[in-house]
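Chain naming here is simple, since letters A, B, ... match the order of the sequence lines and numbering starts at 1 in each. Nothing here was measured: the structure is a model prediction, and the numbers come from that model.
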There are 2 protein chains.
Amino acid sequence: MSASQPTRLPPSRVRAFIAEILAAEGLPQDDAAEVGRLMVEADLLGGDGHGVFRLPRYVARLRAGGFNARPDIRILRERGATALVDGDDGFGHLVMKRCADEAVARARSHGIGWVGARRSNHAGAAGVYAMMALPHDMIGLYLAVGNANHMAPWGGIELLLSTNPIAVAIPSAGPVPILLDMATTVAAYGKVKLAAERGEAMPEGWMIDADGRPLTDPTQAAGGSLLPIGGPKGYGLALVFGLLAGTLNGAAMGRDVIDFNADDTSSTNTGQAILAIDVASFADPQAFKADVARIAQEMKSSALRPGFDAIRLPGERALATRAERETTGIPIPPALLARLDALAAASGVAPLSAETRA
Amino acid sequence: MSASQPTRLPPSRVRAFIAEILAAEGLPQDDAAEVGRLMVEADLLGGDGHGVFRLPRYVARLRAGGFNARPDIRILRERGATALVDGDDGFGHLVMKRCADEAVARARSHGIGWVGARRSNHAGAAGVYAMMALPHDMIGLYLAVGNANHMAPWGGIELLLSTNPIAVAIPSAGPVPILLDMATTVAAYGKVKLAAERGEAMPEGWMIDADGRPLTDPTQAAGGSLLPIGGPKGYGLALVFGLLAGTLNGAAMGRDVIDFNADDTSSTNTGQAILAIDVASFADPQAFKADVARIAQEMKSSALRPGFDAIRLPGERALATRAERETTGIPIPPALLARLDALAAASGVAPLSAETRA
C-alpha cells in the first residue's frame with residue numbers, strides 16, 4: 001500500500017479508539033462510547049470532515065475548557081409537543097441524541113415533537129440525527145446554526161451567517177430512505193479547505209472576496225464569503241434556519257457565533273433543533289412508505305439530461321457509501337492517522353495504527 | 001393616464017369585486033368575502049400573479065366543476081398537535097385559512113401545531129398563510145405542492161416536480177417581521193411567462209430545454225424545465241417539501257400532479273401544510289422579538305457588496321409594497337382590467353372599472 005493511500009479501518013475499531021481517547025480525557029465511559037458511535041456514523045456516510053477527523057479539535061477543546069466532559073444535559077422548558085434542552089457545553093452528539101429521543105417520545109404522544117437546544121456544540125453530520133426518527137416510522141428534520149460565520153447576508157460582505165444546514169429524513173419502502181442533508185451555501189467550507197489542500201482552483205460561484213469579486217483561489221478564502229444557493233433565497237433560508245435553531249433557543253446567532261476552529265475556550269452556545277413527525281398522525285405508515293418509494297422510483301425513471309449518468313435521490317450516495325464502508329472500512333488518510341496516533345500517545349491510549357500493524 | 005398604465009384601485013374595491021363575482025358563482029357570501037380578502041393580500045404583497053389576476057381561471061374552474069363552491073372543509077384525523085384536513089375541492093384560500101387557525105389553536109395547547117391538507121387548491125401567496133401565526137406571537141411555516149410540474153429531478157429532463165414553495169414568518173420587534181416566501185426553483189414560472197409577454201430573453205440558469213441545453217427564449221418554455229436553486233440541493237428541497245405537503249397528506253405529488261392551468265375539471269388534490277410554533281414554548285416572546293430585530297439590524301448593517309444599494313431582510317420588499325399599496329391602491333394592467341370587466345359582465349356584476357369612471 002502506498003504511503004499516500006488511506007488506511008481502511010473497521011468501524012468498530014474507530015469507534016473503540018474514539019471512546020478510549022474520550023474516556024481518557026474525562027468523559028464517562030457510556031458517553032465516550034456514544035460519541036464514538038455517532039462520530040463514526042458521519043464517517044460511514046462519507047462525511048469525512050465531520051467524523052473522526054474532528055477528534056483532535058474536540059480533545060483540544062476539552063483540555064482548554066471549551067467542552068464540558070461531564071455535562072448535565074437537561075430540559076429547561078417543556079410543553080406538550082415541545083421541549084428546550086440545555087446542553088451544558090457537552091458534546092453536541094450527546095445533546096442531539098437526547099433531543100432526538102425527546103422529539104420522538106413527544107411525537108408518539110402528541111403527533112409531532114419539536115425539541116430545541118442551547119449551549120450545545122458541533123454534532124457532526126446533520127443527517128445522523130434526522131435519521132433517528134426513521135426506526136419509529138417518523139420523519140425527522142434537523143436544523144442547526146453552523147460553528148463559524150463564513151457567509152455574508154445577500155448584498156453585503158460582512159460574515160454574519162454560517163452555512164446553517166437542514167437535514168430531513170423520510171422513511172420509504174424503497175431500498176433507502178430519503179435523506180436530504182445540505183448546507184444553505186453553494187459549497188460547504190470543508191470543500192474550500194479541500195481545494196486549498198489539493199492546490200486546485202474553485203469554480204466561480206462558490207465564494208466572493210471582501211470586495212465582492214468572484215474568488216477562485218481557495219488559499220485566499222479567509223475573509224471571503226461563501227455564496228448562498230439561489231442568491232437571496234439561500235440567504236433567507238440560512239437566516240430563518242438560524243433564527244429557528246439558534247435565536248428561538250437562546251443560542252448564538254449572527255455576531256454572537258464563535259469560530260469553533262479558532263477559539264477552544266469559550267462556550268459556543270450552539271443552537272440546534274429537531275422535529276419528529278409521526279407518520280401515523282396523517283397516514284397509514286406502510287401505505288405512506290410505499291407512496292414514497294413509488295415517487296422516488298418516478299424521479300429515478302426520468303429520461304436523463306445529457307452529461308448525467310443517473311438520477312439520485314437525496315442521500316442515495318451517502319447511504320451507498322455507508323453500506324460499502326460497513327464492509328470495507330473507514331478510510332483514514334496518512335496525515336490524519338499520524339495526527340490521531342500522536343493524540344493517542346498524548347492521552348496514553350494505544351495508537352489507532354496498532355491494529356493495522358498487528 | 002396612458003392606455004398602457006395600470007389603473008390603481010383601492011384594496012377594498014378589489015376585495016368587494018372578487019366577493020361579488022364569487023357569490024354570483026355560487027359561493028356562500030362569507031366564503032366569497034374571505035377569498036376576496038385573501039386574494040387581495042397577495043396583490044398587496046406584490047404577488048401580482050397570485051391575486052386578482054387568478055380570478056378568471058378560478059371562475060372557469062368553478063363553472064367546469066373543478067372547484068367546489070360549497071365545500072365541507074373538515075378534519076379527517078386529529079391527534080394532539082396535529083390534524084389532517086380534507087378541503088373537499090374548495091378554494092385553497094379557505095382550506096389554508098382553516099388549517100392556519102387549527103395550527104395556531106393546537107400550538108396554543110401543545111406548544112406547536114402541524115396541520116396538513118388534501119383535496120385543497122391553489123391558495124395564492126404562501127406568505128399570507130405563514131403570517132397568520134404572527135398576531136399570536138407564533139412562527140408560521142407553510143409548505144405546498146405547486147399546481148403544475150415545471151421541473152425535472154436533478155440529472156433528468158422529465159417534468160416531475162413543481163416549484164414547491166416554502167414560506168416562513170417570524171415575529172420581530174423591528175419595523176417588519178421576517179417573511180421568507182420562495183419557490184425552490186431559481187425563477188418562478190410566472191417570471192418566465194412575464195419575460196415571454198415582454199419579448200425579453202431569460203438569463204442562462206433559469207431553464208433547460210428537453211435536450212438539457214440552456215433555454216433563454218421564454219416562448220419556447222413549454223416542455224423545458226425550470227432549474228432548482230443550488231442544483232441537487234433545490235431538487236432535494238422540492239422533493240422533500242412535496243413529500244411533506246403532498247404525500248404525507250394523501251395529496252398529489254409527482255406524476256399525479258394536475259396542470260391547474262390546462263385542466264379545469266379534475267380535482268387537483270392539492271396538498272399543503274402549516275406549522276405554527278408558539279414562541280412562548282421556548283422563550284419570552286418580547287425578548288425573542290427583540291433578539292430577532294437585533295439580528296435583522298446586524299444583517300442590514302453589513303458593509304455593502306459593490307453593485308448593491310441595500311441589504312434586505314426576507315419579505316422586506318413585499319411588506320413595503322404592502323404598506324404602499326394600502327395607500328396608493330392595487331395596480332391593475334389594462335389587459336387584466338378588460339378581462340375582469342368581461343368576467344363581471346358574464347356574471348351579472350358591476351364592472352371593476354366602474355369605480356374609476358365614476
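- A salt bridge does not link A:D209 with B:R305: every distance from a Lys NZ or Arg NE/NH1/NH2 to an Asp or Glu carboxylate oxygen is 4.0 Å or more.
- For the options A:G80, A:G111, A:P232, heavy-atom pairs under 4.5 Å to chain B are most numerous at A:G111.
- Side-chain atoms of B:S302 come within 3.5 Å of backbone atoms of A:E158 as a donor-acceptor pair (strictly under, hydrogens ignored).
- Side chain of B:K233 to main chain of A:L180: no donor-acceptor pair is present (N/O by atom type, distance under 3.5 Å, no hydrogens or angles).
- A salt bridge links A:R79 with B:D278; the closest basic N to acidic carboxylate O contact falls under 4.0 Å.
- With rounding to the nearest 0.5 Å, the separation of OH in B:Y235 from CZ in A:R312 is 10.5 Å.
- Within a 6.0 Å sphere centred on CZ of B:R317, other residues, nucleotides and ligands contribute 12 heavy atoms or fewer.
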Self-check item: A:R255 and B:S301: CA distance, side-chain angles, deciding distance, side-chain hydrogen bond (donor to acceptor under 3.5 Å, both in side chains) verdict
Solution: CA-CA 11 Å; A:R255 290 219 169 92; B:S301 72; 3.3 Å; yes
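- The structure places CG of B:L275 at 6.0 Å from CD1 of A:I112, a figure rounded to the nearest 0.5 Å.
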Practice problem: Start with the C-alpha gap between A:I295 and B:L160, add the side-chain angles, then the distance that decides, and say whether side-chain contact (heavy atoms from CB on, under 4.5 Å) holds. | Solution: CA-CA 9 Å; A:I295 290 167; B:L160 293 168; over 6 Å; no
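- In terms of non-hydrogen atom pairs under 4.5 Å with chain B, the most contact-rich of A:A81, A:G254, A:G230, A:P314 is A:A81.
- Contact of the A:D256 side chain with the B:R294 side chain is registered, since non-hydrogen atoms from C-beta on lie closer than 4.5 Å.
- Considering CD1 of A:I229 and CD1 of B:I229, their distance stands at 4.0 Å, rounded to 0.5 Å.
- Put simply, of A:L161, A:L304, A:V168, A:V279, the one with the most heavy-atom pairs under 4.5 Å next to chain B is A:L304.
- The residue among A:N249, A:L159, A:T184, A:L239 with the most heavy atom pairs within less than 4.5 Å of chain B is A:L239.
- Atom CZ of A:F282 is separated from atom OG1 of B:T247 by 13.0 Å, given to the nearest 0.5 angstrom.
- Contact annotation for A:A210: neither backbone nor side-chain heavy atoms come within less than 4.5 Å of a heavy atom of chain B.
- With chain B as the partner, the residue from A:L84, A:I311, A:D291, A:L248 showing the most heavy-atom pairs under 4.5 Å is A:L248.
- Atoms CD1 and CG, on A:I170 and B:L243 in that order, are 4.5 Å from each other to the nearest 0.5 Å.
- The shortest distance between side-chain heavy atoms of B:V240 and A:I166 does not fall below 4.5 Å.
- With chain B as partner, the option from A:G236, A:G212, A:S281 having the largest number of non-hydrogen pairs under 4.5 angstrom is A:S281.
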